[in-house]
Every structure is written in structure tokens, then in C-alpha cells.
2 protein chains.
Amino acid sequence: MAVTIKDVARLAGVSPSSVCRALADPARVRPETRESVERAARELGYHPNRVARSLITGRTANLGVVLPDLANPFFPSVVKSIQTQARRFDYAVFLSDTDEDPAVEVPAIRALAKQVDGFLLCSPRAPDEDLRSFAGEKPIVVLNRRITPFPSVTADSTGGMQQAVAHLHALGHRHLAYVAGPRTSWSNRDRQRGLRAATAARGMNLVEIGHVAPTVDGGAAAADLVLATPATAVLAYNDLIALGLIQRLQARGAEIPGQVSVVGFDDIPVAGLVGPPLTTVAIGKEQIGRVGVDLLLELMADAPARSAGPGRRAAARMPAAPARSVGLGRGAGPLPADAPGRRTASRDSTGTARRVLPTQLIVRGSTGPARQK
Amino acid sequence: MAVTIKDVARLAGVSPSSVCRALADPARVRPETRESVERAARELGYHPNRVARSLITGRTANLGVVLPDLANPFFPSVVKSIQTQARRFDYAVFLSDTDEDPAVEVPAIRALAKQVDGFLLCSPRAPDEDLRSFAGEKPIVVLNRRITPFPSVTADSTGGMQQAVAHLHALGHRHLAYVAGPRTSWSNRDRQRGLRAATAARGMNLVEIGHVAPTVDGGAAAADLVLATPATAVLAYNDLIALGLIQRLQARGAEIPGQVSVVGFDDIPVAGLVGPPLTTVAIGKEQIGRVGVDLLLELMADAPARSAGPGRRAAARMPAAPARSVGLGRGAGPLPADAPGRRTASRDSTGTARRVLPTQLIVRGSTGPARQK
DNA sequence: TTGAAAGCGTTACCAA
DNA sequence: TTGGTAACGCTTTCAA
């Protein structure tokens with residue numbers, strides 16, 4: 001049997017209430033009491049049961065992270081930054097990989113709902129209305145997608161696509177192809193939209209190639225379709241697809257970037273290591289996670305721990321989630337100051353936070369001058 | 001306020017006890033009762049609070065996964081397979097990334113301990129004795145390391161190194177270098193040991209290069225040291241280091257595999273995509289996670305939910321974790337049959353399970369004939 | 001077959 | 001400053 005607060009109380013010769021106080025708020029007990037409690041706790045190896053605690057406080061100190069596919073290197077980066085920031089505020093992280101199956105998302109959220117204080121949904125694939133059904137229930141921040149009424153953190157796809165198109169245009173490319181990712185992906189639509197605008201603005205030709213899985217295999221499957229178009233450069237929904245394109249294009253004997261230029265999106269960690277190194281649009285993957293956690297913390301501080309209407313007894317007395325400033329001001333670890341102007345913040349008409357992170361084209365070896373035709 | 005069992009009871013016109021029974025074990029209530037309860041639950045959107053439940057049953061239906069670095073592509077693969085298998089048995093997964101800091105591990109485990117039924121420690125870096133302190137407390141399965149008294153799942157490093165060395169020997173290499181990973185890594189020691197044995201058996205020369213971080217940067221940092229040795233081929237602790245080696249070796253003008261052959265370990269997903277494609281020793285990453293979960297489930301079925309000595313009242317009545325056979329026999333999803341002989345199982349003298357998974361050399365482009373000297 | 005009541009480990013409130 | 005008591009939501013035992 002695990003050691004409980006009662007064991008400590010008995011050994012320390014005080015009541016459980018005092019043990020609780022001594023441990024939670026040492027200032028509210030006599031120094032001697034505090035000391036004897038601390039000694040007893042140490043001696044017994046007592047660690048409070050967070051589960052029991054959460055039952056009464058309504059706070060679990062857990063965060064839920066739901067994402068489509070951990071095998072896509074983009075997501076581990078995001079999860080890692082979420083973890084780091086969550087740990088700073090003493091939150092543990094539940095992880096749920098839905099395997100790109102939109103139907104799994106809602107049950108996954110449901111299963112975790114009672115055990116977490118809030119959710120970070122990374123690139124969720126489920127329909128808006130399904131996700132919206134959780135609106136009143138739990139604080140939710142959405143990453144890489146915008147769904148009213150949730151706060152969101154997204155990347156500036158438009159800006160990224162503009163940079164990519166400007167780059168290709170300068171290299172002489174006039175005919176582009178885009179290999180689209182999952183139909184259910186908001187960011188695919190966002191990127192596609194940005195690309196259309198950018199090409200249209202320059203009067204360039206754009207061929208769009210069907211929806212493929214956001215994987216290397218998906219890219220490989222699209223490569224031959226690309227070769228059948230007049231495109232001299234191809235932009236992929238993400239780096240994995242770009243990598244698959246390169247693979248298969250090379251296998252078909254196409255030189256890259258000699259014959260075809262390839263541009264990815266995300267700048268996953270291996271992008272610079274492949275042959276040729278991938279030109280891609282970088283997103284601040286660490287920022288996404290960090291900013292996401294910060295927004296969620298804010299949201300949870302607003303929303304009472306026990307989700308109830310304002311004015312409820314519980315709502316009134318619950319200690320809210322630690323205010324964001326607590327940790328940011330002079331918390332445990334020093335926080336790197338943000339480079340000024342590095343991120344854009346805004347709120348929509350209802351006051352919902354929408355953070356749009358900047359993107360940056362990284363030019364590497366997979367793009368070059370358009371071939372003579 | 002979330003809907004509780006009382007709300008359902010009120011609407012259904014029965015007691016909370018009956019609601020509990022109706023939902024948990026429909027056979028033990030009158031059909032009419034069952035129906036009215038089910039209707040009420042549906043109408044109210046009732047979902048039992050697993051946290052409250054766990055307080056009394058002692059089961060959380062959560063698993064804790066602790067690993068050193070999600071940024072190493074090896075781990076997402078493992079986590080993904082853990083997730084998949086855990087979901088099959090209706091377990092949720094806590095993830096804790098320790099950032100390669102051995103000191104963070106114990107607190108991380110401690111923090112999760114009360115919220116999980118068991119742990120999967122992936123390549124833990126903490127000292128044996130620290131980890132052993134959890135021995136009686138929670139079921140723990142260790143991945144990529146062996147620590148008495150925990151069951152473990154490891155890869156056959158010796159076999160892998162033998163294959164790699166045989167390959168290099170056949171290509172004419174006689175002088176090898178090894179770039180070692182973290183000092184705290186058990187698998188580094190295991191691989192190093194295997195390599196020493198393999199080279200010694202063939203009378204080959206082996207130079208070992210200090211401990212570096214198991215990252216691309218770590219590999220890059222070791223590259224110049226490698227060039228300063230007579231080695232014509234270098235084996236890296238893992239693929240990330242191998243990738244860094246290749247990067248920097250190429251930057252120094254060394255042709256790969258012309259001048260230097262490079263061999264990695266793990267076969268991370270991108271290994272085949274880099275230039276040149278990486279020759280490496282593959283481990284069944286999906287198997288590691290799956291087998292790990294299976295072992296843990298077994299362990300939890302043995303250990304009572306409320307960790308107490310046998311004979312305790314709680315221990316006697318607690319529903320144990322679902323027996324492994326439940327899901328494996330004809331559970332929710334069909335399970336792919338294991339290829340016969342694909343894995344090795346054994347138990348040490350104390351009956352602790354030790355699974356050693358086979359390794360397989362994957363020959364790609366980063367190895368070739370030894371250069372003339 | 002059902003309901004009442006106890007209790008899981010903790011925190012919050014009130015009275016002392 | 002401290003202790004007793006109630007309560008969180010659920011499951012389980014016991015009695016009806």
C-alpha cells in the first residue's frame with residue numbers, strides 16, 4: 001500500500017489537515033509543525049496522490065496532446081517543445097496519436113477529457129463541428145488550424161508561399177506544380193490558398209496534384225504525375241512528400257535541381273541532410289508548442305478548474321492554473337526573451353487569440369534555375 | 001459542471017449504485033433498469049470519471065512512457081508502436097521526455113507514478129540503483145537496457161555488430177573506428193561490447209572515439225577525429241551520429257563510401273533518404289514498443305492493482321488488468337501473427353522476462369570497398 | 001435485483 | 001494555528 005497523508009499525520013503527530021497545509025503552504029503552519037511534518041514525509045517517502053487531489057481541486061495538472069502521426073518528424077518537434085514548456089509549469093502530458101484517422105480524434109479527446117485540464121490539438125483532422133462539441137467542456141488550443149471558437153497557433157503559410165514563389169520566379173520558373181496533402185488537413189488548404197495567390201499575382205502557371213498521404217510514399221506516388229506536367233518546379237504540402245518526390249524523380253532519371261526544382265514545407269530536422277538538401281519553408285516548430293502551451297495556460301486561468309458557470313462555489317474558491325506571469329516573470333528557469341517582432345498576435349472579433357507565426361524560406365540545394373525548354 | 005453518476009441516477013429514477021452496475025456489468029440488473037439507465041446516460045452525455053474510478057479501483061488505465069529525446073527519430077517510432085498497442089487495450093499514454101538528462105528521470109517517474117498502472121522506460125539514462133528504487137512500487141518494463149529486476153526488451157547488438165563487421169571485412173576493411181554515444185547509455189555499452197568482440201574475432205583493428213551526444217551535431221564533432229585515424233570505415237552508435245559524420249566528412253572532402261565507409265545503427269526512417277543512403281543495423285522499432293507493452297500488461301496482471309502484498313483485501317477483489325490473452329486471442333482488432341522465430345524470448349534465473357529482438361544489417365550506399373592505401 | 005452507506009486520498013471549510 | 005468534518009465521483013459491500 002502506498003503511503004498516504006494519514007500515515008504522515010500519524011507519524012508527525014498532527015492531523016491530516018495540518019500535513020496538507022504544511023506541504024502545500026508552509027507559511028500557514030507553525031515552523032515546528034512544518035518541520036515535523038516534513039521530516040515524517042521524508043522518512044516515509046510520502047508523495048501526494050495527484051489523482052485524489054484532482055478529484056477535489058478539479059485540477060489534474062495534466063495536458064492532453066492529440067496529433068495525427070508521430071512518424072511525421074514535424075510532430076515530435078512540436079511535442080518536444082510542448083513537453084518542455086509544460087514541465088516548466090509542472091504539467092504532465094498525455095499523448096494520443098490518431099494515425100491520421102479523423103474518426104479516432106473525438107473518442108481520443110473524450111477518453112482523456114476527464115484527466116486533463118486542457119487540450120492541445122495539433123493539426124486535428126476531424127470536422128469542425130465535431131471538435132466544436134468540446135467547446136464549453138474543456139479549454140482547447142488548436143495548433144496548425146483555425147476553428148472558432150478555439151484559440152489557435154498557425155504558421156504564416158501565405159508569407160511562406162510568397163517567399164517560395166518569389167524564389168522560384170527569380171530562378172526563371174514559370175510553370176509550377178503543387179502536391180497536395182490530406183484533404184482533411186486545414187494547413188494543406190491554407191498552404192494551397194497561399195500558393196494560388198502567390199502564383200496568380202505573378203501570372204504563373206500552377207498545376208495541382210491530387211491529395212496524397214503526407215508521407216514519403218505519398219510523395220513518391222505523385223512524382224510521375226509531376227513529370228507529366230509542364231512544371232519545372234514542384235512545391236509539396238510538406239517535407240516528407242518533397243522527400244518522396246525527390247526519391248522517385250531521381251529514380252526516374254530526373255536531375256534535381258537541374259531538371260526539376262523541389263520545395264518542401266516545415267523544415268523537418270532531416271531536410272538539410274538529404275541529397276540534395278531540401279529547399280523548404282521553415283516554421284518555428286518549437287515556438288508552436290511553446291506558444292500553444294502559453295495560450296492554453298491563459299485559457300485555463302480564465303476558465304475555472306471545475307468547469308461551471310461563473311459564480312459557482314467551486315469556481316470561486318478554486319486556485320486557478322498558475323498565472324502565465326508566474327513562470328514567465330521569474331519562474332524556475334530563465335526564459336529566453338523573444339526576438340522582438342518575431343511573432344504576430346491578434347484576436348478575432350470575439351476576443352479569441354489567434355497567433356500566426358512567421359515562416360522563413362530556407363534555400364538549399366533542391367532548387368535551381370529553370371531548365372531551358 | 002460535468003454530468004455525474006448522480007445526475008444519471010436521478011434521471012433514470014434509480015440509485016447511483018444501479019447506474020454503476022448497469023454500465024459496468026449489464027447482466028446484473030433488470031433489463032428495464034439497464035435500458036432506462038442507458039437512455040439517461042446517453043441523453044445526458046454521461047462519461048464516467050476515470051480519475052474518480054481509479055481512486056477506488058486502484059487502476060488508472062494509464063501507461064507512463066519515459067524517454068531521453070523525442071528529437072531522435074528512433075523514439076517516435078517506438079512511442080508510436082506503444083501507443084498503438086496501448087490503445088488496443090484501452091490504455092492512455094503519458095509521455096515524458098527527459099532531454100537526455102539522467103537527473104530528470106527519477107522525478108519524472110515519481111511525478112507520474114500515482115497516475116499510471118505501469119511504466120515503459122525507453123533507454124533510461126539514470127543509474128541502476130535509482131531506477132531500482134521503484135522496483136516494488138510499480139510494474140516497470142525497460143526498453144533498450146537491462147536492469148535487474150525489471151523485464152526488458154533489447155535488440156541483439158552483438159548479432160548486429162557481427163553482421164556489420166562481416167560486411168566491412170568482406171569489403172576489405174581492416175581498420176575500423178567506433179563513435180560512441182552517451183556514457184549513460186546502456187545500449188552504447190552493449191553495442192560497443194558487440195563490436196569489440198566482432199573485430200577481435202577477425203583480428204581487425206578498432207579505434208574508439210570518445211562519447212558524443214547521440215545527435216547529428218555529435219557525429220559532426222567526431223568526424224575530424226575519425227579522419228585522423230587509420231580507419232577506412234566508421235561505425236556510429238546510432239544513425240544520427242552517422243548522419244553527422246557523413247555531413248562533416250563530406251564537408252572535409254572525403255568521399256563516402258570511396259574514402260570512408262559509414263555504418264549507422266537503428267535504421268531510423270530517413271536513413272534511406274540521405275545522400276548517400278545509410279548502411280545501418282535495423283532494429284524492429286515497432287516490435288520493441290509492442291513487445292514492451294505486452295510484457296507490461298503481463299506484469300500488471302500479476303501485480304495487484306493496489307500495490308499491496310498478496311492477500312490484502314483490495315488485492316483480492318480488484319479486477320486485474322485485462323489478461324494478455326483477452327486482446328490477443330480475438331480482441332477488438334485483428335493482430336498480425338508474428339513471423340515464427342522472429343523473436344527470442346527468455347527468462348533469467350529469477351524468472352524475469354528478457355526479450356532480445358533480432359537485428360538486421362541493411363546495406364545501402366554509405367559502405368563500399370576499402371580504399372587502396 | 002436494488003438502495004444505502006462506506007470509503008478511496010486529498011483539500012476546503014469552519015469552529016475551536 | 002489547528003483539528004474535525006465534509007466533499008470530490010466513483011465502486012463495492014452489505015442489507016433489504
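Below, chains carry the letters A, B, ... as their sequence lines are ordered, and counting in each starts from 1.
Scanning atom types as modelled, no donor and acceptor separated by under 3.5 angstrom connect the side chain of A/Thr57 and the base of C/dA12. On a pure distance criterion of 3.5 Å, a polar donor-acceptor pair joins the side chain of B/Arg21 and the base of C/dG3.
Rounded to whole Å, the distance from CZ on A/Arg53 to P on C/dG9 is 15 Å. Distance A/Arg59 CZ to C/dA12 P: 11 Å, rounded to the nearest Å. Atom P of nucleotide D/dG4 and atom NZ of A/Lys6 are separated by 12 Å, given to the nearest angstrom. In this structure, the CZ atom of B/Arg50 is 18 Å from the C1' atom of C/dC8, given to the nearest Å. Put simply, CG on A/Leu23 is 16 Å from P on C/dG9, counting in whole angstrom units. Between the CG atom of A/Asn49 and the C1' atom of C/dT11 there is a distance of 12 Å, given to the nearest Å. One interatomic measurement links the two molecules: CD1 of A/Ile56 to P of D/dT5, which rounds to 16 Å at whole-angstrom precision. Nucleotide D/dG9 holds its C1' atom 15 Å from the CG atom of B/Leu44, rounded to whole Å.
For the pair A/Glu38 and A/Arg34, the salt-bridge criterion is met [side-chain N within less than 4.0 Å of a carboxylate O].
Looking at heavy-atom distances under 4.0 Å, B/Ser18 makes contact with sugar-phosphate atoms alone, never a base. Among the heavy atoms of the strands, none lies under 4.0 Å from A/Val51.
Within the structure, a side-chain polar atom (N or O) of B/Ser15 is placed less than 4.0 Å from OP1 or OP2 of C/dG3. When the side-chain nitrogen and oxygen atoms of A/Arg30 are compared with OP1 and OP2 of D/dT1, none of them lie within a distance under 4.0 Å. Put simply, B/Arg28 has no side-chain N or O that comes within less than 4.0 Å of OP1 or OP2 on C/dT1.
Checked against C/dG9, D/dC10, D/dG4, the side chain of B/Leu55 finds its nearest nucleotide in C/dG9. Side chain of B/Ser17, nearest nucleotide from D/dG3, C/dA4, D/dC8: C/dA4. The side chain of A/Thr33 lies closest to D/dT2, out of C/dG9, D/dT2, D/dG4.
Although no hydrogens or angles enter the test, the distance criterion places a donor-acceptor pair under 3.5 Å between the side chain of B/Glu105 and the main chain of B/Ala126. Without hydrogens or angle criteria, B/Arg145 side chain to B/Cys122 main chain gives no donor-acceptor distance under 3.5 Å. A donor-acceptor contact shorter than 3.5 Å links the side chain of B/Thr60 to the backbone of B/Gln115.
Closest approach of A/Val116 and A/Leu63 over heavy atoms only: CG1-C, 3.8 Å.
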